[in-house]
*Asks:* 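Below is one structure. I have some questions about it.
Order of the sequence lines sets the chain letters (A, B, ...), proteins ahead of strands, with each chain counted from 1.
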Amino acid sequence: MAIRAVRGFKDILPQEIRSWHRIEDLAYGVFNTFGFKEIRIPLVEKTEVFSRGIGEYTDIVEKEMYTFPDRKGLSLSLRPEATAGLLRAVNEHRLYAQSPILKLFTMGPMFRHERPQKGRLRQFYQIDAELLGTKAPLSDLEVIWMAWDIIVRLGVKNVRLEINSLGCPRCRPGYRDALKSYLESVFQDLCPNCQRRSKTNPLRVFDCKEKSCREIMKNAPLMRQYLCPECTEHINKVLESLEVLDIPFVINPYLVRGLDYYVMTTFEIVSPDLGAQSTVAAGGRYDGLLRDLGGPDLPGVGMAIGVDRLLLLLEADEETLPIDLFVVALGLTARKKVIPWIGTWRRHGLRVQMSYEDRGLKSQLRQANRLGAHYVLILGEDEIKEERLIVRDMKTHDQQKIPIDNNLISGLENLIDM
RNA sequence: GUGGGCGUGGCUCAACGGAUAGAGCAUCGGGUUGUGGCCCCGAAGGCUGUGGGUUCGAUUCCCACCGCUCACCCCA
């Protein structure tokens with residue numbers, strides 16, 4: 001029985017790698033123009049980073065993390081998201097001291113032990129950006145803008161921005177109480193799941209798909225009615241700036257993030273083409289998180305793009321990487337002559353391949369054709385005797401002979417016009 | 001963790017409970033002893049996911065397990 005990859009862990013095969021590069025390259029470009037700098041952080045952190053950062057009683061921390069003791073008994077976890085670890089690094093290296101505003105991005109795999117399905121793997125990739133040091137609504141905009149830009153510029157059509165405000169530590173408790181007491185009053189009529197959620201994560205009840213729960217929640221109090229003046233002004237300014245930019249959005253009063261650190265602005269970019277896991281990108285404001293991780297009380301806002309999901313929305317890229325020159329050497333003498341030439345051409349940047357097997361001309365030409373070679377160079381006994389080798393243009397079928405002399409290397413390069 | 005669907009050459013899929021499990025694509029070789037693609041011919045490639053059961057006989061029906069997948073849950 002051959003060994004298979006672990007459930008929920010996938011190989012990214014050569015035929016899909018170009019799409020990955022396309023996404024990553026575009027993201028690098030966008031981040032660069034927005035003035036974000038790259039940071040690379042460990043895949044493993046002390047479990048504490050996530051339990052304190054994301055929240056001890058969130059599903060992610062409670063039942064989805066890969067947590068294990070190291071050889072000395074210290075509890076470690078594979079990162080289930082990027083923000084907590086990134087802020088740990090910011091704090092550890094006092095990066096916030098360099099400038100009042102810190103703009104960072106990172107990309108890489110995250111790990112959550114969930115049941116795999118479409119758009120949900122146990123190792124999945126995120127492109128993540130964080131903007132620290134300001135509460136200004138325009139910083140929310142920047143982060144949303146980048147996510148939107150990356151997704152739209154990749155050619156994804158059918159996406160929608162959903163946005164909401166979760167309030168702040170001043171107004172959220174009042175709302176939470178109101179929601180809780182409402183949920184208590186209707187407790188008997190909620191589905192078992194929501195009865196549990198009403199205690200652990202009341203906002204999540206809004207997400208329930210049960211008809212009865214939806215009906216009940218239509219009369220539930222909404223955060224919007226409880227937002228303090230500052231939060232109201234903040235979200236309004238974010239929405240105004242989105243309008244200025246012509247980024248279409250819908251206000252989703254039920255939008256909730258499953259991580260405890262979010263306050264005020266939260267958003268998702270969703271696509272109906274993804275199946276049940278419809279969120280391509282998401283993020284929000286997390287003032288207070290850095291403080292909770294033991295750092296200074298710096299506000300922040302961030303976003304993460306699900307690369308695997310984004311990939312599901314893209315047209316598959318061509319995998320074939322054409323080559324410039326395929327060298328056919330027939331026989332041992334020819335092979336020996338040809339190898340140093342190949343080395344030179346490769347150092348000059350030409351994409352050159354040869355057959356590793358001692359096959360006939362026909363077979364090697366077939367191989368050259370399959371590889372998409374533009375030119376084929378043929379060197380056999382006749383050519384050695386004649387001291388001229390054959391250069392064949394596979395597209396036009398033209399063939400010509402060029403002398404094997406000191407000018408061979410540059411002569412060929414001129415001929416094939418690279 | 002719960003439920004549905006599906007497991008046959010590398011890939012996409014056939015085969016009423018019946019014979020040596022087939023086809024297309026891909027691979028390799030030949031048709032041209034040194035000229036690719038198209039065409040023709042041929043070769044190689046299978047413990048039909050695993051283990052039980054029913055049957056004279058199971059790829060086919062039943063059960064269990066494993067795997068994949070979609071959905072619930074949750075989230076990027």
*Asks:* Could you give the distance separating B:C16 and B:G52 at their P atoms, to the nearest angstrom?
*Replies:*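 Their P atoms lie roughly 25 Å apart.
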*Asks:* Output yes when A:R160 and A:E162 qualify as a salt bridge under the 4.0 Å nitrogen-oxygen rule, no when they do not.
*Replies:* yes
*Asks:* Nearest nucleotide by nearest heavy atom, which residue falls closer to the 5' end of RNA chain B, A:R4 or A:R359?
*Replies:* A:R359
*Asks:* Of A:T265, A:T266, A:D140, which meets side chain to side chain donor-acceptor pair (under 3.5 Å) against A:R285?
*Replies:*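 With A:R285 as partner, side chain to side chain donor-acceptor pair (under 3.5 Å) holds for just one option, A:D140.
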*Asks:* For RNA chain B, just give me the dot-bracket, please: Watson-Crick or G-U, both distances below 3.5 Å, ( ) intra-strand, [ ] crossing earlier pairs, | paired with another strand, . unpaired.
*Replies:* (((((((..((((....[...)))).(((((.......))))).....(((((..]....))))))))))))....
*Asks:* For nucleotides B:G51 and B:U59, find the distance between their P atoms and express it as a whole number of Å.
*Replies:* 12 Å
*Asks:* Taking the side chain as every heavy atom from C-beta outward, state whether A:I269 and A:W148 have any atom pair closer than 4.5 Å.
*Replies:* yes
*Asks:* Distance between the P atoms of B:G10 and B:C6, in whole angstroms?
*Replies:* 23 Å
*Asks:* Could you pull out the protein-nucleic contacts involving nucleotides 7-12 of chain B (nitrogen or oxygen on both sides, under 3.5 Å)?
*Replies:*
none

*Asks:* Strictly below 4.0 Å, N to O, side chains only: are A:K180 and A:E184 in salt-bridge contact?
*Replies:*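 The answer is no: the pair does not qualify as a salt bridge.
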*Asks:* Heavy atoms under 4.0 Å is the rule here; annotate nucleotides 69-76 of chain B 5' to 3' with B where the base is hit, S where only the sugar-phosphate is, and - elsewhere.
*Replies:* SSBBBBBB
*Asks:* Restricting both atoms to N or O, compile the protein contacts to nucleotides 41-47 of chain B shorter than 3.5 Å, with distance only.
*Replies:*
none

*Asks:* Which residues pass the side-chain contact (heavy atoms from CB on, under 4.5 Å) test with A:E114, not counting sequence neighbours?
*Replies:*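 Counting only residues at least two positions away or on another chain, A:E114 forms a side-chain contact (heavy atoms from CB on, under 4.5 Å) with A:E64, A:R112, A:R120.
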*Asks:* Expressed in whole Å, how much space separates the C1' atoms belonging to B:U55 and B:C72?
*Replies:*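 It works out to 40 Å between them.
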*Asks:* Pick out the pairs of N or O atoms, protein on one side and nucleotides 33-35 of chain B on the other, that lie under 3.5 Å.
*Replies:*
residue	atom	partner	partner atom	Å
B:G34	O6	A:E381	N	3.3
B:G34	O6	A:D382	N	3.0
B:G34	O6	A:D382	OD1	3.4
B:G34	O6	A:D382	OD2	3.3
B:G34	N1	A:E383	OE1	2.9
B:G34	N1	A:E383	OE2	3.1
B:G34	N2	A:E383	OE2	2.6
B:U35	O2	A:Q399	OE1	2.9
B:U35	N3	A:Q399	OE1	2.9
B:U35	N3	A:Q399	NE2	3.4
B:U35	O4	A:Q399	NE2	3.4

